[in-house]
Amino acid sequence: MTARATIAIVGAGLMGHGIAQVFALADHRVQVYDAQQAALDSLRSRIRANLLQLDLPPGAEGLVSGHADLAQAVADADVVIEAAPERLDLKRTIFRSLVALSKPEALLASNTSVIPIGQIADGLDTAHRILGTHWWNPPFLVPLVEVVGTDRTTDSAVDRMIELLKSVGKQPVHVRKDVPGFVGNRLQHALWREAIAIVAEGIADAETVDTVVKASFGRRLAVLGPIENADLVGTDLTLDIHKVVLRHLNRSPEPSAYLEQLVEDGRLGMKSGEGFRKWTPDEAAVLRANVFAHLKQSASCLGGSHAHLEENNA
């Protein structure tokens, strides 16, 4: 599926408008549904602002249309991607509608970060065409998309989605088991669990934990994955280290009591001015800008999504 297609996005929020941007820049027609008119009213302007921040000429936003009627948005779509809030009941309601309203051959995908796709598709007709496409934020700068099938998803549906994602400059990977968190978030939140435990146990404060990650192994992660690193240092050394350290790592299957207390106290992070650390509005803005600039530079240097966008606009 590399010819021009019609893509429908359910949700015009942070992820939805970014996913729409990726497809529009690859010359696909994109129809975005949202129940909130304000989100639809700002849809094109937000995409245009992103393009300008990426040093790309505006114009692709003209291929994106907003719709307050779900049937109108998805009726002629070749692919529908749901980017709604992370609630199973909501996603199942949406997919029941998508099965009824979309073309029989349309691919139906969820952008869920952690919910198993089988739970979303359970009991629905045409589950053979339902799969997961977990994009990362921001979708137009982070190249990875995790493609997740269920035991009912056909191989051809997975192959069609992977081909489409490659054609728009993404780096899709096939996650072969439909498990909570897939691959990326299982790895990411294993690190977060240990980081929070280190702070909660008074081993180091939050700023120190972040500094250790960013100034040491974090610098290698873009070019050296954990399995590659284990092979690099040797499986024998990896085994010796694990014999010492693994028994001391946090294994709690429940969220940290420390984290729960932060939320109970209203310390919600940058949105409230304090979470694990205190944040002024200026400090939060600088961090967000630094993340964006880093991802933009990385995408260009590594030939990722941003480089692909530049080619399309050359």
Side-chain angles (χ1 to χ4, degrees), residues 1-3 5 7-10 15-16 18-20 22-23 26 28 77-84 86 88 91-92 94-95 98-99 102 105-122 124 126-191 221-231 295 298-299 302-308:
M1 189 189 299
T2 55
I7 311 295
I9 311 293
V10 179
M15 296 300 293
I19 295 171
V22 171
F23 285 110
H28 295 294
D78 302 296
V79 175
V80 183
I81 298 175
E82 167 269 315
E86 199 76 349
L88 177 60
K91 292 182 184 294
R92 281 187 52 76
I94 291 170
F95 270 82
L98 296 182
V99 167
S102 65
E105 68 274 18
L107 294 179
L108 307 180
S110 175
N111 182 50
T112 177
S113 300
V114 295
I115 300 172
I117 308 305
Q119 292 184 15
I120 296 172
D122 185 38
L124 297 181
T126 67
H128 64 277
R129 59 178 174 145
I130 297 176
L131 68 168
T133 52
H134 175 218
W135 300 61
W136 293 73
N137 184 41
F140 47 85
L141 279 179
V142 180
L144 186 75
V145 180
E146 294 176 290
V147 179
V148 188
T150 72
D151 56 3
R152 297 177 63 190
T153 309
T154 61
D155 291 341
S156 62
V158 172
D159 291 344
R160 285 171 60 198
M161 181 60 74
I162 288 175
E163 180 185 3
L164 173 65
L165 292 168
K166 285 181 177 178
S167 75
V168 298
K170 305 310 293 181
Q171 187 173 338
V173 295
H174 183 197
V175 179
R176 299 184 182 276
K177 287 190 177 182
D178 182 25
V179 296
F182 316 127
V183 175
N185 269 320
R186 289 170 79 96
L187 293 170
Q188 179 172 230
H189 286 277
L191 174 60
L221 284 175
V223 293
L224 184 67
I227 304 301
E228 291 173 325
N229 201 353
D231 272 348
L295 292 175
S298 297
L302 297 175
S305 301
H306 185 46
H308 176 80

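The figures here come from the full heavy-atom set of this structure, side chains too, leaving out hydrogens, waters and symmetry mates.
One side chain, Asn185 or Gln188, offers a donor N or O that lies under 3.5 Å from an acceptor on the other.
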Next on the checklist: Show, in sequence, the C-alpha distance, side-chain angles and deciding distance for Asp122 and Arg92, and conclude whether the side-chain contact (heavy atoms from CB on, under 4.5 Å) test is met.
Outcome noted: CA-CA 9 Å; Asp122 185 38; Arg92 281 187 52 76; 3.8 Å; yes
Checklist entry - Given Leu295 and Val142, is the side-chain contact (heavy atoms from CB on, under 4.5 Å) satisfied, shown in steps? => result CA-CA 7 Å; Leu295 292 175; Val142 180; 4.2 Å; yes
Checklist entry - Would Phe95 and Val10 satisfy side-chain contact (heavy atoms from CB on, under 4.5 Å), going step by step from the backbone distance to the final call? => result CA-CA 10 Å; Phe95 270 82; Val10 179; over 6 Å; no
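The CD1 atom of Ile117 sits 7.5 Å away from the CG atom of Leu131 when rounded to the nearest 0.5 Å. If you take OG1 on Thr133 and CG on Leu165, they are separated by 6.5 Å, rounding to the nearest 0.5 Å.
Contact annotation: the side chain of Phe23 approaches that of Ile81 to within less than 4.5 Å [non-hydrogen atoms, C-beta and beyond]. Within the 4.5 Å cutoff, side-chain heavy atoms of Leu108 are placed close to those of Ser102. Leu107 places none of its side-chain heavy atoms less than 4.5 Å from the side chain of Asp78. Contact annotation: the side chain of Glu163 never approaches that of Pro172 to less than 4.5 Å [non-hydrogen atoms, C-beta and beyond]. Side-chain atoms of Val145 and Met161, non-hydrogen and from C-beta on, never get closer than 4.5 Å to each other. Between His189 and Val114, the closest side-chain pair of non-hydrogen atoms is not below 4.5 Å.
Using modelled atom types, one side-chain atom of Arg129 and one backbone atom of Ala106 make a donor-acceptor pair closer than 3.5 Å. The main-chain N or O of Thr154 is never found under 3.5 Å from a side-chain atom of His128 such that the two would form a donor-acceptor pair. Glu146 places no side-chain N or O within donor-acceptor distance of the main-chain N or O of Val175, the cut-off being under 3.5 Å. The closest donor-acceptor contact from the side chain of Arg152 to the backbone of Gly118 lies at 3.5 Å or more, if one exists at all. In this structure a side-chain-to-backbone donor-acceptor pair under 3.5 Å is present from Thr153 to Ile130. Distance alone, capped at 3.5 Å, places no donor-acceptor pair between the Gln119 side chain and the Pro116 backbone. Of the possible donor and acceptor atoms, one in the side chain of Lys91 sits under 3.5 Å from a partner among the backbone N and O of Ala84. Using a distance-only test at 3.5 Å, with no hydrogens or angles considered, no donor-acceptor pair links the side chain of Lys170 to the main chain of Ile162.
The two residues Glu228 and Val223 have their closest heavy-atom pair at OE1-O, 3.8 Å. Residues Gly149 and Asp178 share a closest heavy-atom pair of O-CB, 3.5 Å.
Here Asn137 pairs with Leu14, Met15, Pro139 under the side chain to side chain contact (heavy atoms under 4.5 Å, CB included) rule; sequence neighbours left out. Partners of Glu86 according to the side chain to side chain donor-acceptor pair (under 3.5 Å) rule, which considers only residues two or more places apart in sequence or in another chain, are Thr112.
Taking the six-membered ring where tryptophan is involved, the planes of Phe182 and His134 are tilted, since the angle between them lies from 30° to 60°.
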